[in-house]
*Asks:* 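Below: one structure in structure tokens.
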Amino acid sequence: MADRRVRGSRTGRPIMALLDLIGRRWTLRVVWELRGEPLTARALRAACDEVSPTVLQARLGELRAAALVDHTPGQGYGLTAQGREFLEAFMPLYGFAERWAGAVDDTTPAG
């Protein structure tokens, strides 16, 4: 595999840049809430449990710069084709998390 450097990470490695991006607070939540139809900033903020407008706009700006989210006037924010591809790649992790949470709940001793 070619050693291609990208901006957004100290290492310049694509996987590290992506992990840095999605590891920021609220980033995955924003992507998750946009998995359906486009949402206005107000609807997206409500879906994200009232994340602060400043943080939401910062995350939307980062996601737009990363070509995962776009904005269409009159429709709102939505995932780009690349954003939908990311979400599709993320879904096996979502499935694992659901199974893991069930296993943790089943084995955690009562308080």
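Basis for what follows: all heavy atoms, side chains included, without hydrogens, waters or symmetry-related copies.
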*Asks:* Roughly how far apart are Glu33 CD and Leu28 CG, rounded to 0.5 Å?
*Replies:*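 With rounding to 0.5 Å, CD (Glu33) is 11.5 Å from CG (Leu28).
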
*Asks:* Can you establish whether the number of heavy atoms outside Trp100 located under 6.0 Å from its atom CH2 is more than 12?
*Replies:*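 It does not: Trp100 CH2 has 12 such atoms or fewer within range.
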
*Asks:* Rounded to the nearest 0.5 Å, how far does NE2 of His71 lie from CG of Leu63?
*Replies:*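 Answer for the CG-NE2 pair, Leu63 versus His71, is 14.0 Å.
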
*Asks:* Any side-chain heavy-atom pair from Tyr77 and Val30 closer than 4.5 angstrom?
*Replies:*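 SC-SC contact between Tyr77 and Val30 ruled out.
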
*Asks:* Tabulate below the donor-acceptor pairs under 3.5 Å that side-chain atoms of residues 79-88 make, not counting sequence neighbours, or state none.
*Replies:*
unit_1 : atom_1 : unit_2 : atom_2 : d
Thr80  : OG1    : Ala67  : O      : 2.6
Thr80  : OG1    : Leu68  : O      : 3.3
Thr80  : OG1    : Gln82  : N      : 3.3
Thr80  : OG1    : Gly83  : N      : 3.0
Arg84  : NH1    : Leu79  : O      : 2.8

*Asks:* Indicate the atoms forming the closest heavy-atom contact of Arg25 with Arg59, along with that distance.
*Replies:*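 Here Arg25 and Arg59 meet closest at O-NE, 2.8 Å.
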
*Asks:* Looking at every heavy atom in both Gly76 and Pro38, which two are closest together, and how far apart are they?
*Replies:*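 Shortest heavy-atom separation between Gly76 and Pro38 comes out as C-CB, 4.3 Å.
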
*Asks:* What residues form a side chain to side chain contact (heavy atoms under 4.5 Å, CB included) with Arg42, not counting sequence neighbours?
*Replies:*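 Testing Arg42 for side chain to side chain contact (heavy atoms under 4.5 Å, CB included), a comparison that skips the adjacent residues, returns Thr40.
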
*Asks:* Can you give me the closest heavy-atom contact between Ala66 and Leu21, atom names plus distance?
*Replies:*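 Closest pair (atom of Ala66, atom of Leu21, distance): CB-CD2, 3.7 Å.
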
*Asks:* Between atom CG of Asp49 and atom CH2 of Trp26, what is the distance when rounded to the nearest 0.5 Å?
*Replies:*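 The CH2 atom of Trp26 is 5.5 Å from CG of Asp49, to the nearest 0.5 Å.
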
*Asks:* If you look at every heavy atom in Cys48 and Arg29, which pair is closest and at what distance?
*Replies:*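 The pair with the smallest heavy-atom distance is SG-CG, 3.7 Å.
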
*Asks:* Report the residues that fulfil side chain to side chain contact (heavy atoms under 4.5 Å, CB included) with Glu50, sequence neighbours left out, ordered by chain and then residue number.
*Replies:*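 Only Arg45, Ala46 meet the side chain to side chain contact (heavy atoms under 4.5 Å, CB included) criterion with Glu50.
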
